[in-house]
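Working notes for the structure below.
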Amino acid sequence: MTPPPLTVHTGRAVVLARDDVDTDQITPAQFCKRLTKHGYEDALFAGWRGQPGFPLDQPHLRDASVLVAGNNFGTGSSREHAVWALRDWGFVAVIAISFGDIFRRNALKNGLLAISLPEADVAALSKAAETDPDLPVTVDLEECEVRAGELRRRFDVDSHARYLLLNGLDDIALTEQQDEDISRYERGRKPWLPSLRPGCLSGRGAS
Amino acid sequence: MSAPRTIIDKVWDDHVVRSGDASDLLYIDLHLVHEVTSPQAFDGIEHQGRAVRRPDLTLAVEDHNVPTDSLLIRDAMSKAQVQQLRANCERHGIEHLAHGDGRQGVVHVVAPELGLVQPGMTVVCGDSHTSTHGALGALAFGVGTSDVEHVLATQTLSLARPRTMAVEFTGALPPDVSPKDLVMALIAQIGANGAHGHVLEYRGPVIRQISMEGRMSICNMTVEAGARAGLVAPDEITEDYLAGRPAAPTGAQWDDAVAAWRELRTDEGARFDRTVVVDTSELTPFVTWGTNPGQAAPLGDGVVPDPDSFSEPGEQAAARRALAYMGLEPGTRMRDIPIDTVFLGSCTNGRIEDLRAAAAVLDGRKVAPGVRMIVVPGSMQVRAQAEREGLDEVFTAAGAQWRLAGCSMCLGMNNDRLGGPARVASTSNRNYERRQGDHARTHLVSPSTAAATAVAGHLASPRDLIGGDR
Ligand code: SF4
């Protein structure tokens, strides 16, 4: 389902200063047995919540909507449940030094902005947000800019994803407009490529 | 004359339906589906009144949450997910391998074994270890559920062209070093995010000596270096592997296919964005000490590192947190770490060669008292083959459990999730916190290291067992 258009968002930030936060931590596998796409806020960092000093446990930051993280955030499993949990908790953006590739793609597909900034900027933003938990942090997808206090930084974002998000468009519907090209491509596919017509595997390989 | 291209670019170019400024619309030749990451995607297309464009290019397998000690799914949520997959496949005419089918197993073991993955193809699955299929010379990568929905509906994805990286394994290959050790050494060398944004081509003389199954182990763990995918150009080993498999071409089409596959290699002079060389001559088996696959050390003379020995503050903090979770002291020799649970299986090391390597070590030996070992074949066909070779008897005689096929303890979504405190030697691919259980500490190892560890009761390679234990 298409997320609503997203242009500019301002909210408070919570800092999770760890590298290599994998999607198994963001949403543990037990929560991936559900059949739905919503209602995952209870899953978010379920293994880490309740541990002394875990940043997301601070009651005054429960309404934070920007997560500031470290290197390689969202590495590992492709589970989109990780993005759903962050979104359902209330996050609109994650700002990190770098992201797992699949996570970043999943995030943008769900209207969760995954923004990479250089290490020094992430450090400055973290420090500012930790010093003043009420600091408003703005992520501006139109200008491709993060603003917080003194900090003003442009970010790169996949231009196709940005176009879809700004306009609230459905990627599948857009692709469907290219149906003729897809059909033409299909007619030119190599004849030996495998096909799974029903029953096709019941041959020699079956035991 | 056109500019020289890498094999990665060739496969990419072959699949461009339409090119755009920042991304290309890429055709997907094979879409693999499993029960955990697909229900919301099927819901999505049905909600919009869409059909599955190419059920004939889609295969569904039940693997992630099914039990491997019984054909009865007792967990209500797992059962609902499996039933949902069955209903979705039924409704959309998708071929589906159910728990109990003789061809069921971990999707990344099953698809190559059926001959469904061939050189030059594009393959996706809602699972990060889809990179496994690169072993056959395919461009194969994991996607999330939104992309699963997009592929179900259109058989395409819009993607930006990836950067390319050549990984050259050179040097002699020591006899006790397995493909798993090679890829773990690579990840330890470049880091858990060292290949971020890249697709890798494994090159050089060493990869040419490695079997198709070994190449699958290597491509499988490519994602643990942060890469999207990794592949190996096809050669005779690839052709021999594919010949006669159910979905492989036959007759004149086989000849045409082979002729095309032989063209599929990186041109002389083609440029990669990066090149990494790994000298294999001095390698010993690798094992992890931390909570990501890059936190690894050689088993030979390796010790648990001192967090202060890392240069980056981020790495130091990560090592400190990892050691706290793992309950390890810096300076401890890797081979002195006691183990109570051994898992042999997964899409990394659940193939017949992996089981053979472990059985060769266990033959005539016993799993140490207090150690529990489970052997979960990657597929039911692997299981049947192992039974034909009598490997199951070796495992059970040694005191290990012999299971049905599935993901099982790799991610602990079925009843193999570890309940109490445990320290596991696991042939899987992720040593993340709590992956195998709330109090489970995972050390990633190769199959023969797993077997030797089970016998010794502490991390050990087969060499450590010589004399005494058999
Ligand atoms: S065996 Fe493990 S890594 Fe492989 S597909 Fe299953 S859960 Fe994922």
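Note on naming: letters A, B, ... go to the chains in the order of the sequence lines (proteins, then strands), and numbering restarts at 1 for each one. Hydrogens, waters and symmetry mates play no part in the numbers below; they use all other heavy atoms, side chains included.
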>> Less than 3.5 Å apart, any donor N or O on the side chain of B:Arg430 or B:Thr291 sitting next to an acceptor on the other?
In response: no

>> Check the orientation of B:His15 and A:Tyr185. Use parallel for under 30°, tilted for 30 to 60°, and perpendicular for over 60°.
In response: tilted

>> If I measure from the heavy atoms of chain B, does A:Asn72 come under 4.5 Å with its side chain, its backbone, both, or neither?
In response: both

> In terms of heavy-atom proximity below 4.5 Å to chain B, should A:Asp170 be classed as side chain, backbone, both, or neither?
Replying inline: side chain

> Can you check whether A:Leu67 reaches A:Leu86 side chain to side chain, under 4.5 Å on heavy atoms?
Replying inline: yes

>> I'd like to know which of B:Gly197, B:Gly226, B:Pro293 tops the heavy-atom pair count under 4.5 Å against chain A.
In response: B:Gly197

>> Can you tell me which portion of B:Arg228 sits under 4.5 Å from chain A's heavy atoms? Options are side chain, backbone, both or neither.
In response: both

>> Just by distance, no angles: are the side chains of B:His64 and B:Asp127 close enough, under 3.5 Å, to form a donor-acceptor pair?
In response: yes

> Is it the backbone or the side chain of A:Ser98 that comes under 4.5 Å from a heavy atom of chain B, or both, or neither?
Replying inline: side chain

> Among A:His81, A:Arg104, A:Arg184, A:Arg79, which residue forms the greatest number of heavy-atom pairs with chain B at distances under 4.5 Å?
Replying inline: A:His81

> Which bit of B:Thr58 is near chain A, if near means a heavy-atom gap under 4.5 Å: side chain, backbone, both or neither?
Replying inline: backbone

>> Under 4.5 Å from any heavy atom of chain B, what part of A:Ala161 do you find: side chain, backbone, both or neither?
In response: neither

> Side chain, backbone, both or neither: which part of A:Arg18 has a heavy atom under 4.5 Å from chain B?
Replying inline: both

> Considering only heavy atoms, which portion of A:Phe103 lies under 4.5 Å from any heavy atom of chain B: side chain, backbone, both, or neither?
Replying inline: neither

> Considering only heavy atoms, which portion of B:Thr154 lies under 4.5 Å from any heavy atom of chain A: side chain, backbone, both, or neither?
Replying inline: both

> Are any non-hydrogen side-chain atoms of B:Gln295 and B:Glu315 less than 4.5 angstrom apart?
Replying inline: no

> With only heavy atoms counted, which part of B:Leu30 is less than 4.5 Å from chain A, the side chain, the backbone, both or neither?
Replying inline: side chain

> Just checking, any donor-acceptor pair under 3.5 angstrom between side chains of A:His38 and A:Arg87?
Replying inline: yes

>> I need the minimum non-hydrogen distance between B:Leu25 and A:Gln178, along with the two atoms involved.
In response: CD2-OE1, 3.3 Å

> With side chains defined as the heavy atoms from C-beta onward, is the minimum distance between A:Val68 and A:Val14 less than 4.5 Å?
Replying inline: no

>> Need one label for B:Asp43: side chain, backbone, both or neither, based on atoms under 4.5 Å from any heavy atom in chain A.
In response: side chain

>> Need one label for B:Asp75: side chain, backbone, both or neither, based on atoms under 4.5 Å from any heavy atom in chain A.
In response: side chain

>> Just so I understand: if I count every heavy-atom pair under 4.5 Å between each of A:Gln30, A:Lys33, A:His160 and chain B, which residue has the most?
In response: A:Lys33

>> Report which part of B:Gln84 has an atom under 4.5 Å of a heavy atom belonging to chain A: side chain, backbone, both, or neither.
In response: side chain

>> Need one label for B:Ser23: side chain, backbone, both or neither, based on atoms under 4.5 Å from any heavy atom in chain A.
In response: side chain

> With distance as the sole test, does B:Asn431 use its side chain to make a donor-acceptor pair with the main-chain N or O of B:Asn292 at under 3.5 Å?
Replying inline: yes

> Picking from A:Glu176, A:Arg189, A:Lys190, which has the most non-hydrogen pairs under 4.5 angstrom with chain B?
Replying inline: A:Arg189

> What part of A:Glu180 lies closer than 4.5 angstrom to a heavy atom of chain B: side chain, backbone, both or neither?
Replying inline: neither

> Would you call B:Cys89 and B:Glu95 a side-chain contact if the rule is heavy atoms closer than 4.5 Å?
Replying inline: no

> Regarding A:Glu80 and B:Thr37, is there a side-chain donor-to-acceptor distance under 3.5 Å anywhere?
Replying inline: no

>> Using heavy-atom distances under 4.5 Å, tell me whether A:Pro191 contacts chain B through its side chain, its backbone, both, or neither.
In response: both

> Would you say the side-chain atoms of A:Arg34 and A:Thr36 include a donor-acceptor pair closer than 3.5 Å?
Replying inline: no

> Do the non-hydrogen side-chain atoms of A:Leu166 and A:Leu141 ever get within less than 4.5 Å of each other?
Replying inline: yes

> Looking at A:Gly70, A:Ala17, A:Gly47, which one has more heavy-atom pairs under 4.5 Å with chain B than the rest?
Replying inline: A:Gly47

> Got a donor-acceptor contact below 3.5 angstrom from the B:Arg435 side chain to the B:Cys410 backbone?
Replying inline: yes

> What part of B:Met121 lies closer than 4.5 angstrom to a heavy atom of chain A: side chain, backbone, both or neither?
Replying inline: side chain

>> Looking at A:Glu145 and A:Arg152, is any side-chain nitrogen of the basic one under 4.0 Å from a carboxylate oxygen of the acidic one?
In response: yes

> Quick check, are the ring centers of A:Tyr40 and A:Phe31 under 6.0 angstrom apart?
Replying inline: no

>> Taking salt bridge (Lys or Arg N to Asp or Glu O under 4.0 Å) as the definition, give me every residue that meets it alongside A:Asp171, ordered by chain and number, with sequence neighbours left out.
In response: A:Lys109

> Given a strict heavy-atom distance threshold of 4.5 Å, which part of B:Val223 is in contact with chain A: side chain, backbone, both, or neither?
Replying inline: neither

> Can you say whether B:Val148 sits under 4.5 Å from chain A via the side chain, the backbone, both, or neither, judging by heavy atoms?
Replying inline: neither

> Where does B:Ala317 contact chain A at under 4.5 Å (heavy atoms): side chain, backbone, both or neither?
Replying inline: neither

> Mind checking which of residues 111-131 of chain A sit less than 4.5 Å from chain B, heavy atom to heavy atom?
Replying inline: none

> Side chain, backbone, both or neither: which part of B:Ala247 has a heavy atom under 4.5 Å from chain A?
Replying inline: both

> Under 3.5 Å, is there a donor-acceptor pair between the B:Gln40 and B:Thr145 side chains?
Replying inline: no

> Quick one: of A:Asp158, A:Thr23, A:Asp181, A:Thr75, who has the most non-hydrogen atom pairs under 4.5 Å with chain B?
Replying inline: A:Asp181

> Would A:Trp89 and A:Trp84 count as a close aromatic pair, with their ring centres under 6.0 Å?
Replying inline: no

>> Please classify the contact of B:Glu433 with chain A as side chain, backbone, both or neither, using a heavy-atom distance under 4.5 Å.
In response: both

